There are 2 protein chains.
Amino acid sequence: MPNATIRDVAREASVSVASVSRALNGATNIRPELRDHIRDVAKRLGYVPHAGARNLSLARSSTIGVVVPDLHGEFFSELLRGMDRQASELGLHLLLMVMHGEADRGVTALHAMRGRVDGLVVMAPQITSDELFAHLPKSMPSVLVNCAPHEGVRPELRVDNVAGAVAVIEHLAAGGCRRIVHVAGPEANIDARERLRGTREACARLGLELRVLQGDFNEDSGTAAIATLHAERAAFDAVFAANDMMAVGALMALKRAGIAVPDQVAVAGFDNIPLTRLISPALTTASIDIAEFGARAVVRLAGLIDGAADDTLEWRAPIVIARESTRQPPKNTTENPIRRGDRE
Amino acid sequence: MPNATIRDVAREASVSVASVSRALNGATNIRPELRDHIRDVAKRLGYVPHAGARNLSLARSSTIGVVVPDLHGEFFSELLRGMDRQASELGLHLLLMVMHGEADRGVTALHAMRGRVDGLVVMAPQITSDELFAHLPKSMPSVLVNCAPHEGVRPELRVDNVAGAVAVIEHLAAGGCRRIVHVAGPEANIDARERLRGTREACARLGLELRVLQGDFNEDSGTAAIATLHAERAAFDAVFAANDMMAVGALMALKRAGIAVPDQVAVAGFDNIPLTRLISPALTTASIDIAEFGARAVVRLAGLIDGAADDTLEWRAPIVIARESTRQPPKNTTENPIRRGDRE
DNA sequence: TTGCTTCATGTAACCGGTTACATCAAGAGC
DNA sequence: GCTCTTGATGTAACCGGTTACATGAAGCAA
């Protein structure tokens, strides 16, 4: 037995569909007794409006699409949590779309969003902007999050990866490190590239030795980096990984190799995922409030959907959360505002 | 300029809407040249079908709703990852619905799913079944995951929490522990209640002393439990928390208090979230493959949507992953199959 | 040529809502 | 009594697709 439709309710209540619609949507131009009667009938029939039909006729789905490259790890889980909290507050639903790294499948999926969502929050650090724009439905409001740079202005949100990396290197230098190893993220990933750039700049400016090893943002590649260095008997006193998971991998490998952290080698990551404060030694990392970041993207998208003009590229500058995995700088060396300890 | 519709394409290509539909959906009863012509025109106009309209007329959305109580922590992130992987494989989209603990808002949201999704995976360990069934749209296929027990059979998936808790207690006992503290989860939560029940049963059977403290599944309540015990100068040699996050909180608190784990007090959790193997000492925990669990729910829901008959209550029995936070049992005491070390 | 089949194409109904506009009754003003 | 206004209610078009059925042309056999 299929679900009741608005016409079933209308027939059962001996009124027109228009009245039913009015009764259930709280229109004022309806007699209160009639409204109550219709509501009773609807409840009795167990009528639940068909959201799809409603969306079609209203040309509005109250749903926003979230495009992310991956769901692995705590970064996305935090981001999603922040977006969900905000969306729920605004009465919006979240349709998840994971690109799984495959650009072509991603394009298909992007198309599938048309008529399903009112707008998109797109986080695609691994795709080129041209590719992205070519397939973003033209009239679809969208907020770009950490996407590659591109022509023109668009509503956009970005982590200042360069500044974050610079701050980490400065923190390491202040703690006395001189020979830095950077475990980079995937080359195609814009976040990874900018963190590398910030690292290069800061090391050059501060006269630090820099060795760059290629990683892929997974824990294993952090472990592998240490193995490589070990095999070469390379000398280094700090490892800065382009994200926390790789830093964790490196940290574990160093511990297994019996190298003292931070006394022999300092370790730092990027992202401040929740587990960084739980491992031992707790990991120093560059932090933005990931959940807030996600929530902000949703707020701006909601504004866009409601027709607000918005062409801002908004930046979030990470701060360094100094924990046990790096040596603390001497008290008064606070050229840059570096936050100590934990936020919670 | 709004997006092109199928009628725009039809007009531009001088054919009927039916032909356009046929051309774009790969129907065979259309002349190849005409099909190609239509596809060219569609591409030129940048036509992207309106999924909402398509769904309405097909009475199928290719979307499944995921109802979860919360998005905090790695358990849900892993579950979601598994579900997404499977859904994407089956060509399904995921619409996220977080209940945020509020039962009434949850009900509204459940209703909002009608006409938006083809089916639901409902994970609602904190809601009573009556409440749930009363508001699950009658004709909506749904797979229940870790829900409270109820009358009748339904497609359902459950972690065998009792068996998992029993296995953990047996493992602790085998390692020589005699005075167990159990940090329980929220009383309204069915998982929490069953883990407590398993703990009670096993302790009674094995003649172990048991102290139960109330927790709420968050890290803090694990910490708080240790503080309580400390204040009372209580004697105990093992802490079994009803989930990993509380176990982590307890572990951290014990470390801060200078109590050796596992030598003075053993610690075990439940869920095997990814970070359990990264902290130090690595946490012993009861494990199911969370991602697989989620994927399985999606597979069964997809079957249900396609009309398959399915009334099975499927169980997943956790195994104990013995790590550094508990003492290992002597070699030949393997009454129950307990897995050593780490998977991966 | 006629009649029948086959196949490509078009027409229009339908999915289940919303809502502009038409209609109609009641009350007000004269 | 008549017109005008006001407000409740109904009718039907519309959102943008899909598809059952109608149509008509081509192919083929007799």
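What you are looking at is a predicted structure, and each value in this text was computed from that prediction instead of being measured. Numbered from 1 within each chain, the chains take letters A, B, ... in sequence-line order.
With hydrogens and angles ignored, the 3.5 Å screen pairs a side-chain donor or acceptor of A:R116 with a backbone N or O of B:S61.
Distances were taken from every side-chain heavy atom of A:R22 (C-beta onward) to each of D:dT18, C:dG17, D:dT9; the shortest belongs to D:dT9. Relative to the side chain of B:L56, the nucleotides D:dG17, D:dT11, D:dG16 differ in distance, and D:dG16 lies closest. Set against D:dT19, D:dG17, C:dG16, the side chain of B:A53 has D:dG17 as its closest nucleotide. Of the candidate nucleotides C:dG10, D:dT18, C:dG17, D:dT18 has the atom lying nearest to any side-chain atom of B:S21.
Listed pair A:S57 / C:dG16 fails the phosphate criterion, with no side-chain N or O lying under 4.0 Å from OP1 or OP2. Proximity of B:S16 to the phosphate of C:dG10: a side-chain N or O atom is located under 4.0 Å from OP1 or OP2. OP1 or OP2 of C:dT18 has at least one side-chain nitrogen or oxygen of A:N25 nearer than 4.0 Å.
Between the side chain of A:R31 and the base of D:dG7 there is no donor-acceptor pair of N/O atoms closer than 3.5 Å. Side-chain to base pairing of B:R114 with C:dG16: no donor and acceptor N or O lie closer than 3.5 Å to each other. No hydrogens or angles were tested; on distance alone, nothing pairs the side chain of A:R54 with the base of C:dG16 as donor and acceptor under 3.5 Å.
Note on A:R11 versus A:D8: salt bridge recorded, some NZ/NE/NH1/NH2 to OD/OE distance being below 4.0 Å. Between A:E33 and A:R35, none of the side-chain N atoms (NZ, or NE/NH1/NH2) sits under 4.0 Å from a carboxylate O, so this pair counts as no salt bridge. Between B:D311 and B:R154, none of the side-chain N atoms (NZ, or NE/NH1/NH2) sits under 4.0 Å from a carboxylate O, so this pair counts as no salt bridge. A salt bridge links B:R158 with B:E156; the closest basic N to acidic carboxylate O contact falls under 4.0 Å.
Using a 4.0 Å heavy-atom criterion, one finds that A:V15 contacts the sugar-phosphate atoms exclusively. If you check every strand for non-hydrogen atoms under 4.0 Å, B:A59 touches nothing.
When the P atom of D:dT18 is taken as reference, atom CD1 of B:I38 falls 13 Å away, rounded to whole Å. Taking atom CG on B:N29 and atom P on D:dT19, their separation rounds to 11 Å, with Å as the unit. Note: NE2 (A:H50) to P (D:dG17) measures 17 Å, nearest angstrom. Taking atom CD of A:E33 as the reference point, atom C1' of D:dT9 lies 13 Å away to the nearest angstrom. Atom CG of A:D8 and atom C1' of C:dG17 are 13 Å apart (whole Å). In this structure, A:L24 places its CG atom 15 Å from C1' of C:dT19, rounding to the nearest Å. To the nearest angstrom, P of C:dC7 lies 17 Å from CZ of B:R35. Put simply, CD1 on A:I6 is 14 Å from P on D:dT11, counting in whole angstrom units.
Partner of B:S21 under the side-chain contact (heavy atoms from CB on, under 4.5 Å) criterion, chosen from B:I38, B:V9, B:I6: B:I6.
Mapping B:A18 and B:G52 onto DNA chain D by nearest heavy atom places B:G52 at the nucleotide closer to the 5' end. Nearest-nucleotide mapping onto DNA chain C: of B:L34 and B:L58, the residue sitting toward the 5' end is B:L34.
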